[in-house]
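Read through the structure below, which is laid out as C-alpha cells, and then see the notes.
The first residue in the sequence is number 1, and the count goes up from there. Atom set for the values below is all heavy atoms of this structure, side chains included, hydrogens, waters and symmetry mates excluded.
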Amino acid sequence: VWIFGYGSLVWRPGFEFTSRKVGFIRGYSRRFWQGDTFHRGNAKAPGRVVTLLEERGACTWGVAYEVCGEQIAASLQYLNVREAVLGGYDTKLVKFHPQDKDAGEPILALVYIATPQNPSYLGPASEEDIAAQIIVSSGCAGHNIEYLLRLADFMRYFCPQAEDEHLFSIEEALISILPSLYYTEESLEET
C-alpha cells in the first residue's frame with residue numbers, strides 16, 4: 001500500500017515504511033484551509049494546516065510512502081488517529097507520479113483530505129490573514145510557523161521545479177509580518 005503525504009507527513013511520517021518517493025498528484029491544489037487545535041494550535045488560537053482542494057489542472061507535490069506486511073495495519077491505524085479522528089476527512093485513492101523519470105507507471109496511493117464538513121475546517125482567507133494566524137498558533141507538535149517553513153523548505157529542496165503560489169505567498173506574508181512584530185515587542189519592552 002502507498003500513502004501520499006502533502007503536509008507534515010513529508011518530513012514526519014510517524015509510521016514505519018519500506019520506501020518513499022517524492023512526486024505529485026494531479027487534480028488537487030494544497031491549501032492552508034484546515035484548522036488545527038491540537039498539533040499546531042489550540043482551542044483559543046487554532047493553527048492552520050494544509051488540506052487538498054479538487055482543482056482541474058492543478059498539481060500537488062509531496063511524498064508517497066510504501067508500507068508492506070505488518071506495517072500496513074499499524075500505519076493505517078496511526079493515520080486514522082492522526083489525520084481523521086475528528087471526522088470530516090475523506091480517504092481517496094489517487095494516482096501518484098514519482099519524480100524519478102525511471103519509475104514507470106503512476107502508483108495508486110491513499111490520501112487523507114479534510115473536507116468542509118470537518119469541525120475544524122476554516123476555509124479560505126487572504127495569505128496575510130493566514131500568515132497572521134500561523135504566527136500566533138502553537139500546539140503539542142510545535143509552533144505553526146515551523147509547519148509552514150518546513151513545508152516551504154521541502155518544496156524548495158525536493159521539488160525546485162514545482163510551483164506552489166499559495167504556500168510561498170503565505171511564507172512571504174509571514175516573513176514580512178515578523179520584523180514588525182519584533183520591533184513592536186521590542187518597543188513595548190523599552191516603555
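The 12-atom threshold is exceeded at OH of Y121, counting heavy atoms of other residues, nucleotides or ligands nearer than 6.0 Å.
No side-chain heavy atom of F15 sits less than 4.5 Å from a side-chain heavy atom of Q77. A 4.5 Å side-chain heavy-atom check between I107 and P98 finds at least one atom pair inside the cut-off. Looking only at side-chain heavy atoms (C-beta outward), F154 and V63 come within less than 4.5 Å of each other. Taking 4.5 Å as the limit, every side-chain heavy atom of E172 sits out of range of all side-chain heavy atoms of E127. The side-chain heavy atoms of F17 and S75, taken from C-beta on, include no pair separated by under 4.5 Å. Counting heavy atoms from C-beta outward, F32 and L151 have side chains that approach closer than 4.5 Å.
Every pair passing salt bridge (Lys or Arg N to Asp or Glu O under 4.0 Å) that includes a residue from residues 158-169 is listed here, sequence neighbours excluded: R30-D164. The list of salt bridge (Lys or Arg N to Asp or Glu O under 4.0 Å) pairs with a residue in residues 7-29, not counting sequence neighbours, is empty.
In this structure, the side chain of D129 does not engage the main chain of A125 through any donor-acceptor pair within 3.5 Å. Of the possible donor and acceptor atoms, one in the side chain of Y65 sits under 3.5 Å from a partner among the backbone N and O of L9. Although no hydrogens or angles enter the test, the distance criterion places no donor-acceptor pair under 3.5 Å between the side chain of H143 and the main chain of R40. Distance alone, capped at 3.5 Å, places no donor-acceptor pair between the S120 side chain and the D36 backbone. In this structure, the side chain of T37 does not engage the main chain of P46 through any donor-acceptor pair within 3.5 Å.
N144 CG to I130 CD1: the interatomic distance, rounded to the nearest 0.5 Å, is 10.5 Å. Rounding to the nearest 0.5 Å places CD1 of I113 at 12.5 Å from CG of N118. Expressed to the nearest 0.5 Å, how far CD1 of I170 lies from CG of L148 amounts to 7.0 Å. The structure places OG of S137 at 14.5 Å from NE2 of H39, a figure rounded to the nearest 0.5 Å. How far CG of L93 is from CD1 of I25: 11.0 Å, rounded to the nearest 0.5 Å. For the atom pair CD1 (I134) and CG (L174), the distance works out to 7.0 Å, reported to the nearest 0.5 Å.
Between W61 and F4, the distance from one ring center to the other does not fall under 6.0 angstrom. Residues Y89 and Y112 keep their aromatic ring centres 6.0 Å or farther apart.
In this structure, L122 is not a member of the same hydrophobic cluster as Y147, with clusters built from ILVMFWY side-chain heavy atoms closer than 4.5 Å. The cluster map of Ile, Leu, Val, Met, Phe, Trp and Tyr, joined by side-chain heavy atoms under 4.5 Å apart, puts V136 and F38 in different clusters.
Heavy atoms only, all atoms of each residue included: E128 and I177 are closest at O-CD1, 4.0 Å. Closest approach of E171 and A152 over heavy atoms only: OE2-CB, 3.5 Å.
Salt bridge R156/D153: present, at least one basic N to carboxylate O contact under 4.0 Å.
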Begin with the C-alpha distance, continue with both residues' side-chain angles, and end with the deciding distance and a verdict on side-chain hydrogen bond (donor to acceptor under 3.5 Å, both in side chains) for E66 and S19.
CA-CA 5 Å; E66 181 184 26; S19 65; 2.7 Å; yes
Mind running side chain to side chain contact (heavy atoms under 4.5 Å, CB included) on L76 and I3 for me, showing each step along the way?
CA-CA 9 Å; L76 293 179; I3 299 163; 4.2 Å; yes
Going by atom type alone, with no hydrogens or angles, which donor-acceptor pairs under 3.5 Å involve a side-chain atom of residues 50-59 and a protein atom two or more places apart or on another chain?
residue : atom : partner : partner atom : Å
T51     : OG1  : A114    : N            : 2.8
T51     : OG1  : A114    : O            : 2.9
E54     : OE2  : K92     : NZ           : 3.0
E55     : OE1  : S29     : OG           : 2.7

